[in-house]
There are 2 protein chains.
Amino acid sequence: MSAASTPEGGVSTGSTTRRAELLAIAARLFAEKGFKNTTVRDIADAAGILSGSLYHHFDSKESMVDEILSTFQEALFAQYDEILASDDDARTKLERAVRVSFEAIEQHGPEVAIFQNDADHLVTFERFGYLADRNAQSRQVWVTLLEEGVRTGVLRADLDVTLTYRFIRDTVWVAVRWYRPGGRHTHTEVADQYVRILLDGISASSVVE
Amino acid sequence: MSAASTPEGGVSTGSTTRRAELLAIAARLFAEKGFKNTTVRDIADAAGILSGSLYHHFDSKESMVDEILSTFQEALFAQYDEILASDDDARTKLERAVRVSFEAIEQHGPEVAIFQNDADHLVTFERFGYLADRNAQSRQVWVTLLEEGVRTGVLRADLDVTLTYRFIRDTVWVAVRWYRPGGRHTHTEVADQYVRILLDGISASSVVE
DNA sequence: CACAGCCTACCAAGCATTTGCTTGGTATGG
DNA sequence: CCATACCAAGCAAATGCTTGGTAGGCTGTG
């Protein structure tokens, strides 16, 4: 029923412009109000059209968020993979991973926010299984970096790697809730400040045995 | 959720009032699925009653979450105030504040989760204005502690206090997403690990000029 | 160069379901 | 006999999505 009314040629071609515009509008609203809490009428209003007209461009509300998230995840993990495969030492890799993450918040805030806020809910649908995979993959990236750091003596030997991973992940990604491009700090500054605290702590005299 | 088998707290525990039971059920669901995404029928099903019957106990869905959050916030800030007013040095106060927070996650997980996930949305309603107040108050607690630390020379002088506050707040409270009572770590262990990283970093050799 | 045909983007109207909540009635223990 | 706790039925609004139609630009052909 759906394929009949939707011109097949318009899927990959068509007006990429309008389609991309609508996706950007939807992403912003999903990030602001949450996926479930954003109605197709909200999106249509923001785009200046009627809700029914959205279905000329997309199959469903789900397919919109699907396209938004999958595209973003693809790009992000390409960067992580590059860092993992690089020749940098563990400390530099960690720094780069943190920077890349804050950069993603800067450049793809809505996508990060949607992933943070709605992934748990979306993952219950088969269609979004890849989100769980990506999550596991992300964990693997960080844990690998941390273990490499411990092994090479760059990081403390008594570190609980899993727990540390969670702390880093939480701090970095939840920053999407308060970080605003053009605000008091650049994303690079925020990343540097966090790396400094993460590596050396906030204590004035950090004499570690 | 098989409402037929054993509705949550269906067997009246006698001592606890039915009202409190229903609030606990609602809190768990709000935390799991989000406030807006939880229907009154969800709550009623979990309680083994019909949705309309909830309105014998509560005015509205909003008043349920209101009662859940306000009660919790009251208790939490009493603890913060006690720490602020104590004679401990800045470092000890910070440690205590972190511990109290993880303790809240342990003992009032649903309440913390609701506050984390839905406060932004709820705060747009006049009724929940106190949530914004409490948020500002919390910020004040942490910033005061950090500034005291810098002033007394316990913490690094070049610390960006506001940024540090955000990092701490994010890491501590978002832990509610993964921390599970009875899991691999106690809340005290998690708090200690975090305090250690926060103060001294994860680096093996902290060279702080 | 006119014009039929087609395509993109949208409108207008509405349908089925879900949702928060209401109203009037009922069973049961004290 | 009365308060507590609940049921039965349903309403109005909101929500995701469908259907049939239209305006305007572009294209190829005679």
Side-chain angles (χ1 to χ4, degrees), chain A residues 1-26 29-30 32-68 118 121-122 125 127-128, chain B residues 1 3-4 6-26 29-30 33-68 118 121-122 124-125 127-128:
Chain A
M1 46 115 199
S2 57
S5 61
T6 311
E8 206 50 43
V11 168
S12 59
T13 62
S15 170
T16 316
T17 347
R18 189 52 173 155
R19 190 186 172 80
E21 275 178 15
L22 294 175
L23 276 183
I25 292 170
L29 290 173
F30 289 156
E32 272 175 22
K33 315 174 48 172
F35 172 71
K36 187 90 187 277
N37 200 14
T38 302
T39 72
V40 292
R41 282 172 181 81
D42 288 337
I43 302 171
D45 283 354
I49 60 179
L50 293 184
S51 66
S53 303
L54 282 176
Y55 291 83
H56 170 72
H57 299 275
F58 307 97
D59 284 346
S60 64
K61 203 175 86 166
E62 270 188 20
S63 73
M64 293 189 217
V65 79
D66 191 352
E67 193 164 334
I68 290 167
D118 294 309
H121 171 244
L122 292 175
F125 299 98
R127 166 174 209 166
F128 295 95
Chain B
M1 207 66 43
T6 303
E8 191 93 0
V11 181
S12 114
T13 52
S15 60
T16 43
T17 70
R18 185 58 171 154
R19 186 188 176 79
E21 278 178 12
L22 294 175
L23 276 183
I25 293 169
L29 290 173
F30 289 156
K33 314 174 50 172
F35 173 70
K36 187 89 188 276
N37 200 14
T38 301
T39 72
V40 292
R41 284 172 180 81
D42 287 338
I43 302 171
D45 283 354
I49 60 179
L50 293 183
S51 66
S53 303
L54 283 175
Y55 292 83
H56 170 72
H57 299 276
F58 307 98
D59 285 345
S60 63
K61 204 174 87 167
E62 271 189 19
S63 74
M64 292 189 216
V65 79
D66 191 352
E67 193 164 334
I68 290 167
D118 295 308
H121 172 243
L122 293 175
T124 63
F125 299 97
R127 166 173 209 167
F128 295 96

Side-chain N or O of A:Arg19 less than 4.0 angstrom from OP1 or OP2 on C:dT8? no
Specify the separation, in whole Å, of atom CZ of B:Phe35 and atom C1' of C:dT19. 12 Å
Looking at A:Asp66 and A:Ser63, would you say the former's side chain and the latter's main chain have a donor-acceptor pair under 3.5 Å? no
Would you check if the side chain of A:Lys61 reaches a backbone N or O of A:Thr38 as a donor-acceptor pair within less than 3.5 Å? yes
Of B:Ile43, B:Val40, B:Leu22, the one forming a side-chain contact (heavy atoms from CB on, under 4.5 Å) with B:Phe58 is B:Leu22
When the distance from CG of B:Leu54 to P of D:dA8 is rounded to whole Å, what number comes out? 15 Å
Rounding to a whole Å, what distance do you find between A:Phe58:CZ and D:dG16:P? 15 Å
Euclidean distance, atom CD1 of residue A:Ile49 to atom C1' of C:dT8 [Å, nearest integer]: 13 Å
Heavy-atom pair of closest approach, residues A:His57 and A:Arg19: O-NH1, 2.8 Å
Could you tell me if the side chain of B:Asp118 sits less than 4.5 Å from the side chain of B:Val65, heavy atoms only? no
Kindly indicate whether the side chain of A:Arg18, heavy atoms from C-beta on, has any atom under 4.5 Å from the side chain of A:Ile49. yes
Return the value, rounded to whole Å, for the distance between atom NZ of A:Lys61 and atom C1' of D:dT18. 17 Å
Please confirm whether the shortest side-chain N or O distance from A:His57 to OP1 or OP2 of C:dT8 is below 4.0 Å. no
Please state how far atom NE2 in B:His56 lies from atom C1' in C:dT28, giving the value in whole angstrom units. 13 Å
OP1 or OP2 of D:dA5 versus the side-chain N and O atoms of B:Ser53: is any pair under 4.0 Å? no
Does anything in residues 37-47 of chain A reach DNA chain D, meaning a heavy atom under 4.0 Å, and if so which residues? A:Thr38, A:Thr39, A:Val40, A:Arg41
With sequence neighbours left out, write down each residue that passes ring-ring contact (aromatic ring centres under 6.0 Å, His included) with A:Phe35, or none if nothing qualifies. A:Phe30
Please work out if A:Ser51 contacts a base, only the sugar-phosphate, or nothing of the nucleic acid, heavy-atom cut-off 4.0 Å. base
Would you kindly give the CG-to-P distance between A:Leu22 and C:dA9, to the nearest whole Å? 9 Å
Go nucleotide by nucleotide along DNA chain C from the 5' end; which of A:Lys36 and A:Gly48 gets its closest nucleotide reached first? A:Gly48
Spacing of B:Arg18 atom CZ relative to C:dG29 atom P, expressed in whole Å: 16 Å
With respect to the phosphate group of D:dC17, does any side-chain polar atom (N or O) of A:Tyr55 fall under 4.0 Å of OP1 or OP2? yes
